[in-house]
Participant: 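Before we start, here is the structure in question, set down as structure tokens.
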Amino acid sequence: MSTMHAVRAHSRGGPEQLVYEEAPRPEPGPGEVLVAVKAASMTPHELTWPQTWTHSSDGTGPERTPIIPSHEFSGVVAACGAGVESPAEGEAVYGLIPFTRDGAAAEYVTLPAAVVAAKPVTVDHDHTAALPLAALSAWQALVDHADLQAGQRVLVQGGAGGVGAYVVQLAASIGARVSATAATTDLEFVTDLGAEQAIDYAHDRFEDQVGDLDVVVDLVGGGTQSRSWSVLKPGGILVSLADPPDQEEAARHGVRGVYFIVEPERNALDSIAELVDHGHLRPVVDRVLPLTETRSGYEALETSKRRGKIVIHVAD
């Protein structure tokens, strides 16, 4: 079989550029696996990222259109390239596809075997596909950058969002004391995820509710980030996935500020799968759409409020 069904964009733009069509089926190169995609999920602003459209992380270089979006997937290994010993053909896997490659809104995708992990066994492919980018972001923020420890106090700015829901859960599973900001309608939701304290950002100033914190995870940026310095204790850390922190402000408050972009990482995915299988982390899915409706899913990312990921069901 040399072709597959996929959703592609042939020129830069938003959801209006996405077309469901027949496309060449990729073949795995050395060190790569070919995955038969069962489910994929989409990320806000993905179609605006420069690396979505080129072969380089900074967006320089020639265009690589047509592109296939959706870089989180769950599926089954269909074939292995030269030199691949693990994962094996037929193994159920999940992962985050490097952003300079085609994504998983297709029946098949290729990616480096080194960034693929075994799928959690206790959840289906649709729910597994909601994990990679968001849960990896949470892991890298709390474990790799903040080195969060049991008993420490953390504030999650945007605790009900796609990433925030995993930051709250992971921080709670580590044994931290978790506060989170959220909209009025999401306060019960973030408490159910494991937050000891849910702060209504529309009606309460978080500075009046928390202080002397070890960690702030900023998923909002802008003025929210600027106001967050004051609630950290000396030596604390603000980890942002929204905006690069002002290092002069960090120094003035005697704390650290870190900004990062999530990267594929097999070991962290293995740990995340273990947390899922032990009931400490649950995927959060807003809705599941067929591959043919991928475009409407990306439109919803721009126009509607969501709780969790929009997932594409590709195959049973």
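Owing to the predicted nature of the structure, the values given are computational and were not obtained by experimental measurement. Throughout, residue positions are numbered sequentially from 1 according to the sequence presented. Below, each value reflects all heavy atoms present in this structure, side chains not excepted, and no hydrogens, waters or symmetry copies.
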Participant: Would you say Y298's side chain and E46's backbone share a donor-acceptor pair under 3.5 angstrom?
Facilitator: no

Participant: Of all the heavy-atom pairs spanning G235 and V255, show the shortest one and how long it is.
Facilitator: N-CG1, 4.1 Å

Participant: Does E274 reach the main-chain N or O of D270 with its side chain, forming a donor-acceptor pair under 3.5 Å?
Facilitator: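 No; judged by distance alone, with no hydrogens or angles, the pair does not exist.
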
Participant: May I ask you to decide if V284's main-chain N or O and Y166's side chain share a donor-acceptor pair within less than 3.5 Å?
Facilitator: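 At least one qualifying donor-acceptor pair exists.
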
Participant: In this structure, are over 12 heavy atoms from other groups packed under 6.0 Å from Y201 atom OH?
Facilitator: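 For Y201, atom OH is not crowded (no more than 12 foreign heavy atoms under 6.0 Å).
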
Participant: Could you give me the CA-CA distance, side-chain angles and deciding distance for S228 and Q157, then say whether side chain to side chain donor-acceptor pair (under 3.5 Å) is met?
Facilitator: CA-CA 9 Å; S228 295; Q157 297 285 23; 3.0 Å; yes

Participant: Donor-acceptor check, side chain of D214 to backbone of R153, threshold 3.5 angstrom: yes or no?
Facilitator: yes

Participant: Applying the side chain to side chain donor-acceptor pair (under 3.5 Å) criterion to D126, which one of H313, K309, K38 satisfies it?
Facilitator: H313

Participant: Taking NZ, NE, NH1 and NH2 as the nitrogens, is one of them in E299 or R295 under 4.0 Å from a carboxylate oxygen of the other?
Facilitator: yes

Participant: Using only heavy-atom distances, determine whether the side chains of T100 and R64 contain a donor-acceptor pair under 3.5 Å.
Facilitator: no

Participant: Nearest 0.5 angstrom please: L34 CG to E27 CD, how far?
Facilitator: 6.5 Å

Participant: Going by an N to O cut-off under 4.0 Å, is there a salt bridge joining R287 and E293?
Facilitator: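 No salt bridge links R287 with E293.
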
Participant: Of the non-hydrogen atoms in V168 and A195, which two are nearest, and what is the gap between them?
Facilitator: CG1-N, 3.7 Å

Participant: Side chain of D204, backbone of I199: donor and acceptor closer than 3.5 Å?
Facilitator: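 No: the side chain of D204 does not pair with the backbone of I199.
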
Participant: Side chain of Q169, backbone of L193: donor and acceptor closer than 3.5 Å?
Facilitator: no

Participant: Stepwise, does the side-chain contact (heavy atoms from CB on, under 4.5 Å) test hold for V33 with V84?
Facilitator: CA-CA 8 Å; V33 290; V84 174; 4.0 Å; yes

Participant: Checking R266 side chain against A113 main chain: does a donor-acceptor pair fall under 3.5 Å?
Facilitator: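 Yes; at least one donor-acceptor contact below 3.5 Å.
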
Participant: Taking CD in E188 as the centre, count heavy atoms belonging to other residues, nucleotides or ligands within less than 6.0 Å. Is the count above 12?
Facilitator: no

Participant: Between F99 and W49, how do the two ring planes meet: parallel, tilted or perpendicular, split at 30° and 60°?
Facilitator: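 Geometry flag for W49 against F99: perpendicular rings.
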
Participant: Looking at R307 and D186, is there a salt bridge between them, counting it only when a charged N and a carboxylate O are closer than 4.0 Å?
Facilitator: yes

Participant: Got D102 and R8 here, is their nearest side-chain heavy-atom distance under 4.5 Å?
Facilitator: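 Of all side-chain heavy-atom pairs linking R8 with D102, none is under 4.5 Å.
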
Participant: Run the side-chain contact (heavy atoms from CB on, under 4.5 Å) check on L136 and E72 step by step: do they pass?
Facilitator: CA-CA 11 Å; L136 271 176; E72 301 167 86; over 6 Å; no

Participant: Which value, rounded to the nearest 0.5 Å, describes the distance between T128 atom OG1 and I272 atom CD1?
Facilitator: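 Rounded to the nearest 0.5 Å, the OG1-CD1 separation comes out at 11.5 Å.
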
Participant: Measure the spacing between CG of L111 and CD1 of I97 and express it to the nearest 0.5 Å.
Facilitator: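 If we round to the nearest 0.5 Å, L111:CG and I97:CD1 are 5.5 Å apart.
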
Participant: Can you establish whether the number of heavy atoms outside H278 located under 6.0 Å from its atom NE2 is more than 12?
Facilitator: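 No - once you tally the heavy atoms of other residues, nucleotides and ligands closer than 6.0 Å, there are 12 at most.
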
Participant: At what distance, to the nearest 0.5 angstrom, does CG of L18 lie from CD1 of I68?
Facilitator: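 Here the interatomic distance stands at 11.0 Å.
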
Participant: Any sub-3.5 Å donor-acceptor pair from S74's side-chain atoms to Y94's backbone N or O?
Facilitator: no

Participant: I need the minimum non-hydrogen distance between L219 and G158, along with the two atoms involved.
Facilitator: CD1-O, 3.8 Å

Participant: Would you please say whether a donor-acceptor pair under 3.5 Å links the side chains of S57 and Q51?
Facilitator: no

Participant: Do you know which two heavy atoms are closest between L291 and V7, and how far apart they sit?
Facilitator: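 L291 and V7 have their closest heavy atoms at O-CG2, 3.6 Å.
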
Participant: Step by step, would you call W139 with L281 a side-chain contact (heavy atoms from CB on, under 4.5 Å)?
Facilitator: CA-CA 11 Å; W139 182 276; L281 196 68; over 6 Å; no

Participant: Working to the nearest 0.5 angstrom, can you tell me the gap between K119 NZ and D124 CG?
Facilitator: 7.0 Å

Participant: Which value, rounded to the nearest 0.5 Å, describes the distance between S271 atom OG and H280 atom NE2?
Facilitator: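 So the gap between those two atoms works out to 12.5 Å.
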
Participant: So, R12 and E63, do they make that salt bridge, N to O below 4.0 Å?
Facilitator: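 Here R12 pairs with E63 in a salt bridge, since their nearest N and O are under 4.0 Å apart.
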
Participant: Does the D277 side chain pair with the main chain of T122, one donor and one acceptor, at a distance under 3.5 Å?
Facilitator: yes

Participant: side-chain contact (heavy atoms from CB on, under 4.5 Å) between V35 and Y108: does it pass, once the steps are laid out?
Facilitator: CA-CA 6 Å; V35 173; Y108 292 90; over 6 Å; no

Participant: Given the rule in the side chain to side chain donor-acceptor pair (under 3.5 Å) test, do Q225 and D218 qualify, once you have shown the distances and angles that lead to the verdict?
Facilitator: CA-CA 6 Å; Q225 182 185 106; D218 169 37; 2.8 Å; yes

Participant: Between W53 and A9, what is the shortest heavy-atom contact and its length?
Facilitator: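 Heavy-atom minimum between the residues: CH2-CB, 3.7 Å.
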
Participant: Give the minimum heavy-atom separation between A242 and V220, together with the two atoms involved.
Facilitator: CB-C, 3.7 Å

Participant: Would you find a donor on one side and an acceptor on the other, under 3.5 Å apart, between the side chain of E16 and the backbone of G14?
Facilitator: yes

Participant: Is there side-chain contact between H253 and L232, with heavy atoms separated by less than 4.5 Å?
Facilitator: no

